[in-house]
Number of protein chains: 2
Amino acid sequence: MMGGMAAGSKPLRSDAARNRDKLLVAATQVLAERGLDAPLEHIARRAGVSIGTLYNHFPTREALLGAILPQRMAALDEIAAAALADPDPWAGFTGFLEGLFTLQAEDHGLNDALTQSFSLATDVSQACHRGFLDVERIIERARAAGRLRADFEAGDLVTLVWAMSQVIRESMETAPDTWRRFLSFFLDGLRAEAARPIPHDHPVR
Amino acid sequence: MMGGMAAGSKPLRSDAARNRDKLLVAATQVLAERGLDAPLEHIARRAGVSIGTLYNHFPTREALLGAILPQRMAALDEIAAAALADPDPWAGFTGFLEGLFTLQAEDHGLNDALTQSFSLATDVSQACHRGFLDVERIIERARAAGRLRADFEAGDLVTLVWAMSQVIRESMETAPDTWRRFLSFFLDGLRAEAARPIPHDHPVR
DNA sequence: TATGAACATGAGGGTTTCCTCAAGTTTGTG
DNA sequence: CACAAACTTGAGGAAACCCTCATGTTCATA
């Protein structure tokens, strides 16, 4: 998987490199299935390795997440690139959302990561948000084309990710395309024609 | 609070009745603050009572929830009644949603209950859904008036509750009216004029 | 006010996860 | 092959939460 080299560190012994790769594979699977707080013992067991070995390679849970999440998150880059390449800014915008939520639906760990990203360590968090660099442009392009409502901002997309994460969690087992229906409703409110001014009334009581 | 009588059971001794009430008050507070899986020890401590006493009165966590949630959920009845009393069906519909989400935002336990309601015991669950009896009518009235899109169903409201629960959880501390902004966007997609047919394409791949 | 039934108490056993570390094993090199 | 460094192992301590039960206390009644 990584050929036995840890990034900037000294080369690993051959058995250690093998174990590290087995751990990464197992962790990728288990985290996708069970979510971000799957017991580390499950991962070690699936890798065919003791819990001590897991801690040798990844002294903390976040070290392990840091070795896995950025890679998984990289899929977002392609999706964002495709969105920006779409000649239709609105289609690019909606395509990006569909791609993003499909990822979340396929990977419980990723779904968790996208909602908890601010409570993760800074480096992990930043690696996770790298995929969001293009988001501003995707949004801006759709707004400038007069298709996306003018008051929609990047922060609103974060809110939508939160919302979707829960919809996906709750419906995945029983009705896995619930999130698509929900997104469809939501998008109908994001079109420029549908926009009504947001009431910022100080709440009645 | 309840005058020392358990519902259909034999009268409690005076000290027992006092402790039961203290437990209910404490549980209401703690669950609202910390959510549905707050440690039972916290509740006992806040009530000034030992953990054993808590178990004397409520042999299981769900017994305790069953004594608290339905009462909290009853607030929904008033909100629903007000919605149905509103001469404007759309205003009734949106007012109901605002009331519902305000409740969720004020009570972490209620927020949890509304998302996990299907994994709770049947009686608790049913008590919780009693407040939703009027929902069908609220929706139907807004649809019939041609204000709410025709393809919106009660199940979609459940999805919205899921979505909102997470928005509320994530934003409560830092930006507590995020959910209002989100709702505003969503409602713009629920108006009949905004509705576009839901694509039920078998996903591309 | 004495007595038994009702009730309260909290130490302690069980579970699940976390993480460590002393002892044993494997690998690469001379 | 021998040896030191690198690595692995799993038993076990710590923490958080669950729930029980033997013991002690309080209430209600005569």
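Throughout, protein chains are lettered first and strands after them, A, B, ... in sequence-line order, and every chain is numbered starting at 1.
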Given atom CG of A:Leu12 and atom P of C:dG28, what is their separation to the nearest angstrom? 11 Å

Should we say atom CZ of A:Arg46 is surrounded by more than 12 heavy atoms from elsewhere, each under 6.0 Å from it? yes

C:dT17 C1' sits how many Å from B:Asp37 CG, rounded? 16 Å

Looking for any heavy atom pair under 4.0 Å, which part of the strands does A:His42 touch: base, sugar-phosphate only, or nothing? nothing

When you check the phosphate oxygens OP1 and OP2 of C:dA8, does a side-chain N or O of B:His57 lie under 4.0 Å from one of them? yes

Indicate yes or no: does A:Arg191 engage B:Asp188 in a salt bridge with an N to O separation below 4.0 Å. no

side-chain N/O B:Asn19 vs C:dA8 OP1/OP2, d < 4.0 Å: yes

Neighbour count above 12 (heavy atom, 6.0 Å) for A:Arg61 CZ: yes

Rounding to a whole Å, what distance do you find between B:Arg34:CZ and D:dA16:P? 14 Å

With DNA chain D as reference, determine whether A:Gly52 or B:Pro39 sits nearer its 5' end, using the nearest nucleotide of each. A:Gly52

Under 4.0 angstrom between A:Thr53 side-chain N/O and D:dT9 OP1 or OP2: yes

To the nearest Å, how far apart are B:Arg18 CZ and D:dT25 C1'? 13 Å

Once you round it to whole Å, what is the distance between P of C:dA8 and CD1 of B:Ile43? 16 Å

Decide if the gap between the ring center of A:Phe186 and the ring center of B:Phe182 is smaller than 6.0 angstrom. yes

Under 4.0 Å between a side-chain N or O of B:Arg61 and OP1 or OP2 of D:dC18? yes

Looking only at C:dC18, D:dC17, D:dG10, the nucleotide nearest the A:Glu41 side chain is C:dC18

Within this structure, what is the OH-to-P distance between B:Tyr55 and D:dT20, rounded to whole angstrom? 7 Å

Looking only at the side chain of A:Asp15 (C-beta and beyond, no hydrogens), which of the listed nucleotides C:dT27, D:dC27, D:dC18 gets closest? C:dT27

Which whole-number value in Å describes the distance from A:Arg45 CZ to D:dG10 C1'? 13 Å

Tell me whether the OP1 or OP2 atom of C:dA8 has a side-chain N or O from B:Asn56 closer than 4.0 Å. yes

Nucleotide nearest A:Leu40 (side chain, heavy atoms from C-beta), chosen from C:dC18, D:dC7, C:dC7: C:dC18

Does the distance from a Lys or Arg side-chain N to an Asp or Glu carboxylate O, for A:Arg137 and A:Glu140, drop under 4.0 Å? no

Against the side chain of B:Ile51, the closest entry in C:dC7, D:dC19, D:dA11 is D:dC19

Calculate the interatomic distance between B:Arg20 atom CZ and C:dA8 atom P; express it in whole Å. 11 Å

Counting the atoms with a prime plus P, OP1 and OP2 as sugar-phosphate, which does A:Ser14 contact under 4.0 Å by heavy atoms, base, sugar-phosphate, or nothing? sugar-phosphate

